[in-house]
Amino acid sequence: MTWSILRFLRENPDVLRRSLRRRGLDPSIVDKAVELDKLWRQKVREVDEIRHKHNVITRKIASTKDPEEKKKLIEEAKRLIRRRQELEEELKRIAAEREKILLSLPNIVHDSVPDGFDEEHNVPIRFWGKPKVWRGYLDRFKEQTEKWGFKVDYELIDWKPVGHADMLENVLMLGNTIKAAEVAGSRFYYLFDDIVWLDIALLLYAIDFMTRKGYRLVLPPYMIRYKVLMGVIDVETFKDAIYKIEGEDLYLIATAEHPLAALYMGEEIPEDQLPIKLVGISPCFRKEAGAGNRDLKGIFRVHQFHKVEQFIFAKPEESWQLLEELRENAEELFRGLGLPYRVVNVCAGELGDVAAKKYDLEVWMPAQGRYREMVSTSNCTDWQSYRLKIRLIRKKDMRREYVHTLNSTAIASTRTITAILENYQEPDGTIVIPKALRPYLEMFPRAPKEAIHPIKKERVRR
RNA sequence: GCCGGGGUCGCCUAGCCUGGUAGGGCGCCGGCCUGCUAAGCCGGUGGGGGUUAACCCCGCGCGGGUUCAAAUCCCGCCCCCGGCGCCA
């Protein structure tokens with residue numbers, strides 16, 4: 001048994017208490033868990049003892065010829081069973097309670113994660129690019145850069161860029177969320193023509209990049225079972241994000257991360273096969289139940305989008321280095337797109353139960369005057385693999401350990417489109433297409449090549 | 001969806017009819033032996049408890065049931081293979 005949380009629970013529960021406090025959660029749950037684990041072990045001993053007695057008698061019955069003697073032994077066995085059943089019932093109850101509390105424990109926060117309970121406390125660790133800053137947002141910009149001790153070169157602009165939602169719907173007229181709301185509800189959309197090409201080109205760009213890096217391309221199931229879902233997410237995410245298929249034990253995936261993590265569930269991976277690096281492509285379906293009215297306009301926060309996802313199964317001793325690799329891959333993708341970004345080290349209170357550490361990559365949005373999340377990169381250590389029973393076998397002594405799982409966005413289509421709409425906007429409403437995407441548009445005669453132009457009123461067609 | 005066959009240790013397989021401590025092969029790990037990496041021999045190779053020793057419990061797709069005793073018999077579910085039906 002090498003699940004990190006259980007090990008600490010028995011050997012050094014203070015580590016767990018500290019981790020929970022840093023997340024802003026009540027550490028007393030650790031005491032309950034320690035108590036239950038002890039009680040469980042004691043009950044296991046009791047039950048095992050009586051099972052042993054019963055087994056001894058049962059074996060004796062098999063080898064006893066004398067019918068009188070046999071009858072006596074069977075009576076004896078029946079008596080033991082009654083006693084055993086009571087104890088087993090008790091054990092079952094305790095085991096279920098223990099299991100429940102163990103599975104409710106969030107991952108152990110890594111030492112390098114900053115303190116804090118909201119995104120104000122996320123710590124920027126790196127800035128890249130030359131953001132376009134509208135004069136009116138200069139103070140805000142400095143608040144998000146210089147306050148953290150970073151001197152970020154920027155381009156001051158006098159015109160205020162149009163927001164991505166207006167750009168899409170009213171300037172380019174290549175999106176229709178009004179009709180989509182009638183048809184499916186808010187946070188849905190119709191996209192047309194050049195924006196669809198852009199969506200496809202972004203996905204191809206990310207797939208091309210990741211597979212060149214040696215990541216294996218995967219198209220996973222878009223629906224998964226409940227038990228798989230519970231292996232990869234916490235209860236909060238479940239409530240906020242997950243759509244259920246009526247009448248079936250199936251749930252729409254919120255990200256390819258979930259079916260990718262489950263690719264090796266219940267399996268044992270020889271350590272020399274690790275790390276296993278995957279790049280998945282899939283639609284993502286999210287309820288956004290906790291979002292309220294945030295980002296209600298446009299396609300920044302929507303119920304469905306396409307995403308290319310990085311995923312790694314790793315040996316524990318390699319996972320922290322691989323987290324940096326995933327982050328670097330995401331950064332390279334966004335540098336390639338020429339979108340100015342910063343990377344933040346997400347604070348303990350904003351991590352979510354699954355991750356031990358998380359980086360967000362946020363792109364500067366000129367029309368909002370804010371850096372907004374485009375990518376999330378997490379090391380989930382053994383939190384998912386314990387639940388999904390994904391282990392590695394050490395070559396030296398055949399010992400089994402839980403693998404570490406890591407995931408990161410490569411490109412999320414609609415969100416990246418919003419970033420392009422604001423960052424590549426010209427004063428006249430033209431959107432210049434990032435050079436990195438052009439190879440993926442060239443092959444299609446009707447796809448845009450260098451720019452997307454505002455549609456003139458008389459040509460509008462929906 | 002219906003009918004039939006199947007799911008046993010990392011992989012392959014025996015055991016199931018006829019209930020009585022799950023056996024063999026491969027691979028892997030450790031050791032022995034041989035002047036060499038071959039062959040051979042011995043042990044180990046699922047989970048849990050345990051003074052981590054001895055030992056014990058659990059484990060044959062999952063969950064129930066019958067029985068002193070279930071891989072084995074019965075019921076439900078999941079998955080795989082074949083046939084029929086349906087279908088892009």
Side-chain angles (χ1 to χ4, degrees), chain A residues 1-7 9-12 33-103 219-231 244-245 247-251 259 262-274 276 283 313 315 382 385-403:
Chain A
M1 167 46 64
T2 51
W3 187 38
S4 59
I5 288 182
L6 188 58
R7 203 175 63 238
L9 205 61
R10 290 178 179 177
E11 292 171 12
N12 192 359
V34 169
E35 273 313 299
L36 270 170
D37 185 50
K38 271 191 195 142
L39 183 62
W40 173 78
R41 284 192 278 174
Q42 188 196 318
K43 279 290 159 205
V44 164
R45 266 206 301 278
E46 285 176 31
V47 171
D48 279 359
E49 198 181 324
I50 200 156
R51 278 174 177 164
H52 176 58
K53 280 182 188 164
H54 179 256
N55 284 345
V56 168
I57 289 177
T58 284
R59 269 173 234 149
K60 221 166 171 183
I61 291 169
S63 59
T64 300
K65 294 282 186 298
D66 176 33
E68 276 305 310
E69 185 67 15
K70 206 162 191 162
K71 208 171 175 182
K72 259 186 217 162
L73 286 170
I74 288 175
E75 284 310 311
E76 172 77 19
K78 280 183 175 172
R79 222 171 36 245
L80 279 171
I81 285 174
R82 281 193 290 276
R83 176 81 187 115
R84 193 188 69 185
Q85 275 171 340
E86 286 169 31
L87 282 170
E88 276 177 338
E89 206 121 314
E90 208 179 336
L91 176 65
K92 207 171 165 183
R93 217 174 45 241
I94 292 165
E97 231 177 300
R98 169 182 177 269
E99 180 81 353
K100 196 177 159 194
I101 203 163
L102 284 183
L103 291 178
L219 193 146
Y222 299 160
M223 300 175 217
I224 55 181
R225 292 179 201 287
Y226 182 77
K227 98 178 168 200
V228 175
L229 204 48
M230 286 339 258
K244 185 184 192 321
I245 302 296
E248 309 219 28
D249 178 25
L250 283 176
Y251 298 79
L263 179 59
Y264 289 93
M265 73 177 183
E267 294 191 26
E268 296 173 342
I269 307 170
E271 67 172 325
D272 55 14
Q273 285 179 25
L274 295 168
I276 295 169
F313 295 95
K315 289 193 270 188
D382 58 2
S385 60
Y386 171 71
R387 289 154 188 251
L388 295 174
K389 302 279 174 270
I390 307 171
R391 293 176 303 169
L392 65 98
I393 304 183
R394 294 291 183 186
K395 198 166 179 60
K396 202 177 70 189
D397 53 5
M398 304 294 285
R399 211 173 68 253
R400 284 152 169 88
E401 290 175 41
Y402 290 103
V403 304

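Predicted, not measured: the structure shown is a model, and the values here were computed from it. Chain A is the first sequence line, chain B the second, and so forth, proteins listed ahead of strands; every chain is numbered from 1.
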Phosphate OP1/OP2 of B:G49 contacted by A:Arg41 side-chain N/O (<4.0 Å) = no
query = Would you say A:Lys395 reaches B:C29's phosphate, i.e. side-chain N/O to OP1/OP2 under 4.0 Å?
reply = yes
query = Which word best sums up how the rings of A:Trp3 and A:Tyr386 line up, parallel for under 30°, tilted for 30 to 60°, or perpendicular for over 60°?
reply = parallel
inquiry  = Would B:U51 be called syn or anti here, given the cut-off of 90° from 0?
reply    = syn
note = Of A:Arg98, A:Glu97, A:Glu35, the one forming a side chain to side chain contact (heavy atoms under 4.5 Å, CB included) with A:Trp40 is A:Arg98
query = Using purine N1 to pyrimidine N3 plus N6-O4 or O6-N4 for Watson-Crick, or N1-O2 and O6-N3 for G-U wobble, each under 3.5 Å, what pairs with B:U72?
reply = none
inquiry  = Measure CZ/A:Arg51 against P/B:C68 and give the value in whole Å, please.
reply    = 18 Å
query = Just checking A:Ala77: base, sugar-phosphate only, or nothing, at a heavy-atom cut-off of under 4.0 Å?
reply = sugar-phosphate
ask   = Does the A:Glu271 side chain pair with the main chain of A:Lys395, one donor and one acceptor, at a distance under 3.5 Å?
value = yes
ask   = Which of these nucleotides, B:C58, B:G50, B:A69, is closest to any side-chain atom of A:Ile81?
value = B:A69
query = Rounding to the closest angstrom, what is the interatomic distance between B:C17 and B:U21 at atom C1'?
reply = 22 Å
task = Rounded off to whole Å, could you give me the CD1-to-P distance for the A:Ile50 and B:A69 pair?
result = 13 Å
query = Under 4.0 Å between a side-chain N or O of A:Arg225 and OP1 or OP2 of B:C78?
reply = no
task = Using the C1' atoms only, state how far B:G40 lies from B:U66, rounded to an integer number of Å.
result = 50 Å
query = Is the phosphate of B:C29, meaning OP1 or OP2, less than 4.0 Å from a side-chain N or O of A:Lys396?
reply = no
task = In whole angstrom, give me the gap between the P atoms of B:C9 and B:C3.
result = 29 Å
query = Which whole number of Å gives the distance between the C1' atom of B:G15 and that of B:C84?
reply = 34 Å
message = Within the 4.0 Å heavy-atom criterion, would you say A:Arg391 contacts the bases, only the backbone, or no part of the nucleic acid?
response = sugar-phosphate
key: Length of the CZ-C1' vector between A:Arg83 and B:C68, whole Å   = 19 Å
inquiry  = Side-chain N or O of A:Lys38 versus OP1/OP2 of B:G50: is the shortest distance under 4.0 Å?
reply    = no
query = Would A:Glu89 and A:Lys92 count as a salt bridge (Lys or Arg N to Asp or Glu O under 4.0 Å) if you check the C-alpha gap in whole Å, the side-chain angles of each, and the deciding distance to 0.1 Å?
reply = CA-CA 5 Å; A:Glu89 206 121 314; A:Lys92 207 171 165 183; over 6 Å; no
query = How close or far is atom C1' of B:C58 from atom NE2 of A:His54, stated in whole angstroms?
reply = 15 Å
request  = Using heavy atoms to find the nearest nucleotide of RNA chain B for A:Glu268 and A:Arg84 separately, return the residue whose nucleotide is more 5′.
outcome  = A:Glu268
task = In whole angstrom, give the distance that lies between atom CZ of A:Arg10 and atom C1' of B:G48.
result = 9 Å
query = Hey, does the side chain of A:Arg400 come within less than 4.0 Å of B:C9's phosphate (OP1/OP2), counting only N and O?
reply = no
request  = Determine the Euclidean distance between corresponding P atoms of B:A22 and B:C56; express it in Å to zero decimal places.
outcome  = 13 Å
key: Watson-Crick or G-U wobble partner of B:U45, both distances under 3.5 Å   = B:G27
query = Passes salt bridge (Lys or Arg N to Asp or Glu O under 4.0 Å), A:Arg51 versus A:Asp48? Steps please.
reply = CA-CA 5 Å; A:Arg51 278 174 177 164; A:Asp48 279 359; 3.6 Å; yes
message = Tell me which one of A:Ile276, A:Leu388, A:Leu392, A:Val403 satisfies side chain to side chain contact (heavy atoms under 4.5 Å, CB included) with A:Tyr264.
response = A:Ile276
task = Could you give the distance separating B:G6 and B:A54 at their C1' atoms, to the nearest angstrom?
result = 42 Å
key: B:C2 versus B:C86 - spacing of their P atoms, nearest Å   = 16 Å
ask   = Which part of the nucleic acid, if any, lies within reach of A:Ile57 when heavy atoms closer than 4.0 Å are counted: base, sugar-phosphate only, or nothing?
value = nothing
query = If pairing requires Watson-Crick or G-U wobble contacts with both distances under 3.5 Å, which nucleotide is the partner of B:A22?
reply = none
message = Show, in sequence, the C-alpha distance, side-chain angles and deciding distance for A:Glu76 and A:Lys60, and conclude whether the side chain to side chain contact (heavy atoms under 4.5 Å, CB included) test is met.
response = CA-CA 11 Å; A:Glu76 172 77 19; A:Lys60 221 166 171 183; over 6 Å; no
message = Roughly how many Å apart are B:C12 and B:G65, using the C1' atom of each and rounding to a whole number?
response = 33 Å
remark   = A:Met398 CE to B:G30 C1', in whole Å, measures 11 Å
request  = Could you state the atom-to-atom distance from CD of A:Glu271 to P of B:G10 in whole Å?
outcome  = 17 Å
remark   = Taking a pair to mean Watson-Crick or G-U wobble geometry with both distances below 3.5 Å, B:A54 pairs with none
message = Looking at B:G4, which nucleotide sits across from it as a Watson-Crick or G-U wobble partner, both distances under 3.5 angstrom, or is there none?
response = B:C81
note = Assign each of A:Arg59 and A:Leu73 the nucleotide of RNA chain B bearing its closest heavy atom; nearer the 5' end lies the nucleotide of A:Arg59
Which nucleotide in B:C68, B:C56, B:G48 has an atom nearest any side-chain atom of A:His52 = B:C56
message = Is A:Asn55 close enough to B:C58 that one of its side-chain N or O atoms is under 4.0 Å from OP1 or OP2 there?
response = yes
task = Rounded to the nearest 0.5 Å, what's the gap from NZ on A:Lys72 to CD on A:Glu75? Could you check?
result = 11.5 Å
key: Euclidean distance, atom CZ of residue A:Arg82 to atom P of B:A69 [Å, nearest integer]   = 12 Å
